[in-house]
Amino acid sequence: MAVSFGLLLIVTGLALAADYRGIAARHIELAQRLVRPIGLGGRTSRADERPRDRFILFDRAFGMLMVLLGVVALTGGAYLLASQA
């Protein structure tokens with residue numbers, strides 16, 4: 001269980017950290033659309049893009065943290081499996 005959870009964290013974290021196919025940007029745009037609409041008529045100004053850019057960087061940094069946690073979970077799960085054998 002821990003090994004599969006670690007692999008899931010690593011894959012998801014890598015997708016966020018590398019912004020695979022714009023997943024981090026789409027995640028932030030979806031979150032902003034749910035919280036509040038951006039501009040009038042779907043138009044965005046540069047002032048609205050600055051927080052979006054910061055959140056994209058945060059999302060990518062969070063992805064790196066997920067990769068590190070995934071490595072820890074994968075290592076711990078492998079150790080548990082090896083100790084039971």
Problem - Single-linkage hydrophobic cluster L65~F5, side-chain heavy atoms < 4.5 angstrom - result: yes
Problem - Min side-chain heavy-atom separation L9-V67 under 4.5 Å - result: no
Exercise for the section: Determine the minimum heavy-atom distance between D19 and I23, stating which atoms define it. Expected result: OD1-N, 3.3 Å
Practice task
Indicate the atoms forming the closest heavy-atom contact of A73 with G6, along with that distance.
Solution key: CB-CA, 3.8 Å
Handout entry: CZ on F62 to OG1 on T12, rounded to 0.5 Å
Key = 10.0 Å
Problem - Minimum heavy-atom distance between D59 and L16, given as atom pair plus value - result: OD2-CD2, 3.6 Å
Exercise for the section: Treat each ILVMFWY residue as a node, draw an edge where side-chain heavy atoms are under 4.5 Å apart, and state whether L68 and L14 are in one component. Expected result: no
Fill in the blank from the handout: In short, R26 meets R21 closest at the heavy-atom pair NH2-O, 2.7 Å
Completion exercise
For M66 and G13 the tightest heavy-atom approach is CB-CA, 3.8 Å
Problem - Co-membership, hydrophobic cluster, residues L81 and V71, 4.5 Å side-chain - result: yes
